[in-house]
Amino acid sequence: MTAIRLTNTMTHRKEVFAPLDPANVRMYLCGPTVYDRAHLGNARPVVVFDVLYRLLRHVYGPGHVTYVRNFTDVDDKIIAKAAATGRPIGDITEETIGWYHADMDALGALRPTHEPRATDYIPQMVAMIEELIARGHAYAAEGHVLFAVDSWREHYGALSGRSVDDMIAGARVEVAPYKRNPMDFVLWKPSADDQPGWDSPWGKGRPGWHIECSAMSDALLGSSFDIHAGGIDLQFPHHENEIAQSMCVHPEASFAQVWMHNEMLQVEGKKMSKSLGNFFTVRDLLDKGVPGEVIRFVLLGTHYSKPMDWTEKKREEAEATLRKWWALTASLDDVGPLAPPKKLIDALANDLNTAGAIAVLHELAGSVKALELAAGLEFLGLEETPSLGAVGSFGLGVDTAVLEAANALARRWMALREAKDFSAADSLKVRAAEIGVELTVLREGKVQSGNAAVLGRPSLAQLEALK
RNA sequence: GGCGGGUUGGCGGAGAGGUUACGCAGCGGAUUGCAAAUCCGUGAAGACCGGUUCGAUUCCGGUACCCGCCUCCA
């Protein structure tokens, strides 16, 4: 069996992965708060850990991996959006979840085994909070329930490498009179009448942010499971707080064995932020005609443990590379599921070295091993999605009639070339390029043929006009 | 202030204590109506200072610089 090695953020070491139960390998990824479209930074962990999911399924069997990714559908940002738009919260979360699925599907991410919504697990959260109070790790105060970090002082901070004392020294925490220690964090908070709330022993209220992941991972994966993943920004305080909650409720258990965190995404060398104006969503890119596979390729081109920079140049290179590979594999007959190349699996098994895996694909393409290339592309989720169009097309939603018209154009162009009417041929080529159709020569031995690549969004009328 | 990450050839970006990463671009050539694509060949690296070692870009320490998190935008 392939030995998978993963860097465990908890120990800062690359360790050989040994699941608690090989018949049921369990991983949890912190999912989105559903109040708006997912931006590119949100997509990185989804794509990176989708590759981990694929690798685990390959090694342990597709039926032996349980992957949970939650939806946070109760949160102050959602409440704020509802207030600003006058729309019901349920409408907003439902719509956003639909967007999320569509966008992540476009990036080739497989759907997790379970996608629990926080609001479906309120009773479990309340039970967990009650248990924390009973065990002396939490206390109610002014309608709130807070986790008492002093009750867990010697352990709190292990993941992020800080001690309670360190953090108080640098204190940038919300100071509230009802907190015993400024580092104490909210498990439950009161809701006003116009805010979503549930009855609880502490009055009508709603959960704090961290408790949902503890409750849902416990319900779906158990009190000890294998991998917990997310962006490095979640390491503190979110994951630290999850650990505190879960370990205090189940001191006999070990919670997550391996913690994995991806580094942050930047755009043209700078942090993506609304104030810098370089903030964009996955949907923005898709709408601009960047195929999901291209976005995925760029995201996988940098190892997850390093900051990754999204640049226009990378987008172009990724697009050119994929176009080349798809052309190489397009002529293959459908030969059914293919075993991924061993070298590719070896690269991924080494701490999810996706950049190394892509290098393996480059080597396969260079030595014209089309079958293995196709298998590798499929494994990484980079195969050309059949619905996108026929051979030679590149781009989303090019419909058949447009494609047929473009191909007719290519045939006409070749006819002009063969008749040595080069000025007419060149003129046609230039005009085709203007509406986003690239005409090129394909050679197979001594036989030449014209090829049309639809790069833009030409209308049928525009294509007809060139005839 | 606390915590963490990074610094590899023109650019992007990996592994590995000793043997070519890989890609893009460049350069030389083939092919070509012109292009594009393709094919063959090719130069180029490891921030700085020490240490360990027969040998370090790879391990350890220090210096410099860059970046992120702790603060509604992951």
Side-chain angles (χ1 to χ4, degrees), chain A residues 7 9 12 30-33 35-36 38-46 75-81 157 159-174 183 209 230-240 261-266 269-276 278-281 297-298 300-303 305-309 311 313-314 316-318 320-321 323-324 327-328 343 346-347 350-351 353-366 368 416-423 425-426 429-430 433 438-444 446 448 451 453:
Chain A
T7 297
T9 316
H12 288 271
C30 288
T33 299
Y35 71 104
D36 206 351
H39 64 240
L40 193 60
N42 299 131
R44 170 127 101 139
V46 173
D75 181 274
D76 288 353
K77 280 177 284 200
I78 304 173
I79 296 172
K81 180 154 182 178
L159 179 68
S160 51
R162 327 161 184 227
S163 69
V164 174
D165 293 332
D166 283 347
M167 289 181 279
I168 291 172
R172 287 197 180 183
V173 292
E174 184 191 356
M183 292 307 299
W209 174 35
I232 189 71
D233 54 306
L234 296 179
Q235 183 186 38
F236 183 88
H238 184 56
H239 289 160
E240 203 69 74
H261 293 99
N262 62 278
E263 255 292 350
M264 297 290 96
L265 176 127
Q266 297 184 304
K270 292 185 175 158
K271 180 187 173 179
M272 183 163 75
S273 72
K274 285 172 181 166
S275 57
L276 287 175
N278 62 351
F279 182 97
F280 51 88
T281 65
F297 187 101
V298 173
L300 294 179
T302 299
H303 192 257
S305 66
K306 292 191 175 175
M308 108 130 244
D309 199 12
T311 63
K313 190 178 177 210
K314 283 186 181 178
E316 285 170 10
E317 284 187 16
T321 301
R323 187 179 296 153
K324 189 161 73 178
L328 269 174
K343 281 188 74 177
D346 287 345
N350 182 11
D351 200 22
N353 184 6
T354 50
I358 287 173
V360 170
L361 296 185
H362 276 296
E363 287 170 20
L364 292 173
V368 203
L416 289 170
R417 287 168 50 89
E418 278 157 13
K420 307 257 185 236
D421 188 352
F422 297 120
S423 63
D426 289 349
K429 179 176 170 168
V430 168
E438 186 183 50
L439 299 175
T440 54
V441 177
L442 279 184
R443 275 184 192 37
E444 289 193 45
K446 293 189 174 179
Q448 298 193 359
N451 180 64

**Report entry** Base-pairing assignment for B:U58 (Watson-Crick or G-U wobble, both under 3.5 Å)
**Finding:** none

Could you run down the sub-3.5 Å N/O contacts of the protein with nucleotides 39-41 of chain B?
none

Report task. Tell me the partner of B:A37, counting only Watson-Crick (N1-N3 plus N6-O4 or O6-N4) or G-U wobble (N1-O2 and O6-N3) with both under 3.5 Å; none if nothing fits. Result -> none

Query raised in the report: How is A:Ile358 classified with respect to the nucleic acid when contacts are heavy atoms under 4.0 Å: base, sugar-phosphate, or nothing?
Result: nothing

Report summary line: If pairing means Watson-Crick or G-U wobble with both distances under 3.5 Å, then the partner of B:A21 is none

Requested in this report: Give A:Gly301 one of three labels, base, sugar-phosphate or nothing, depending on what nucleic acid heavy atoms sit under 4.0 Å from its own.
Outcome: sugar-phosphate

Query raised in the report: Want to settle it: does A:Leu439 or A:His362 sit nearer the 5' end of RNA chain B, counting the closest nucleotide to each?
Result: A:His362

Query - Spacing of A:His39 atom NE2 relative to B:C73 atom C1', expressed in whole Å - result: 7 Å

Report summary line: When rounded to whole Å, the CE to P distance for the pair A:Met272 and B:G68 reads 13 Å

Report task. Identify the nucleotide, in any strand shown, that forms a Watson-Crick or G-U wobble pair with B:U32, with both distances under 3.5 Å; if there is none, say none. Result -> none

Query raised in the report: Which nucleotide, in any strand shown, forms a Watson-Crick or G-U wobble pair with B:G26, with both distances under 3.5 Å?
Result: B:U42

Report task. Please determine, for B:G15, whether a Watson-Crick or G-U wobble partner exists with both distances under 3.5 Å, and give it or none. Result -> none

**Report entry** A:Lys314 side-chain N/O to B:G23 phosphate OP1/OP2 under 4.0 Å
**Finding:** no

Requested in this report: Tell me whether the OP1 or OP2 atom of B:A14 has a side-chain N or O from A:Lys306 closer than 4.0 Å.
Outcome: yes

Requested in this report: Pick the C1' atom in B:G51 and in B:U42, then give their distance to the nearest Å.
Outcome: 38 Å

Query raised in the report: Would you say the side-chain atoms of A:Lys343 pair up with the backbone N or O of A:Val360, donor to acceptor, closer than 3.5 Å?
Result: no

**Report entry** Listed nucleotide nearest any side-chain atom of A:Asn353, set B:A14, B:G5, B:A21
**Finding:** B:A14

Query - Which nucleotide in B:A21, B:G33, B:A35 has an atom nearest any side-chain atom of A:Val441 - result: B:A35

Requested in this report: Please tell me which of the listed nucleotides, B:A16, B:G13, B:C73, lies nearest to the side chain of A:Asn350?
Outcome: B:A16

Query raised in the report: Can you name the closest pair of heavy atoms from A:Met272 and A:Phe279 and give their distance?
Result: CG-CA, 3.5 Å

Query - Protein-nucleotide distance (A:Leu159, atom CG; B:G2, atom C1'), rounded to Å - result: 16 Å

Query - Pairing partner of B:C73 (Watson-Crick or G-U wobble, both distances under 3.5 Å) - result: none

**Report entry** Non-hydrogen side-chain atoms of A:Leu159 and A:His261 separated by less than 4.5 Å
**Finding:** yes

Query raised in the report: B:C73, B:G33, B:C70: which one has an atom nearest the side-chain heavy atoms of A:Ser273?
Result: B:C73

Query raised in the report: Do A:Tyr35 and A:Asp75 come close enough that some side-chain heavy atom pair is under 4.5 Å?
Result: no

Report summary line: Result for 5'-nearest mapping on RNA chain B, choosing between A:Lys429 and A:Gln266, is A:Lys429

Query - Side chain A:Asn278, main chain A:Lys271, donor-acceptor under 3.5 Å - result: yes

Query raised in the report: B:G33 base to A:Asp426 side chain: any donor-acceptor pair below 3.5 Å?
Result: yes

**Report entry** Of the listed nucleotides B:C24, B:G12, B:C73, the one nearest the side chain of A:Tyr35
**Finding:** B:C73

Report summary line: Against the side chain of A:Lys313, the closest entry in B:G5, B:C11, B:G33 is B:C11

Query - Nearest to side-chain heavy atoms of A:His12, which nucleotide of B:C72, B:A36, B:G4 - result: B:G4

**Report entry** Gap separating the CG atom of A:Asp351 from the NE2 atom of A:His303, nearest 0.5 angstrom
**Finding:** 4.0 Å

Query - Closest to side chain of A:Thr321, choosing from B:G23, B:G33, B:C70 - result: B:G23

Requested in this report: Check whether any side-chain heavy atom of A:Pro32 sits under 4.5 Å from a side-chain heavy atom of A:Asn42, and report yes or no.
Outcome: no

Query raised in the report: Of the nucleotides B:G13, B:A35, B:C24, which has the atom closest to the A:Glu317 side chain?
Result: B:C24

Query - Strand partner of B:C3, provided both Watson-Crick or wobble distances fall under 3.5 Å - result: B:G68

Report task. Answer whether the closest heavy-atom distance between the side chains of A:Phe280 and A:Leu40 falls below 4.5 Å. Result -> yes

Report task. Pick base, sugar-phosphate or nothing for A:His303, based on heavy-atom distances below 4.0 Å to the nucleic acid. Result -> sugar-phosphate

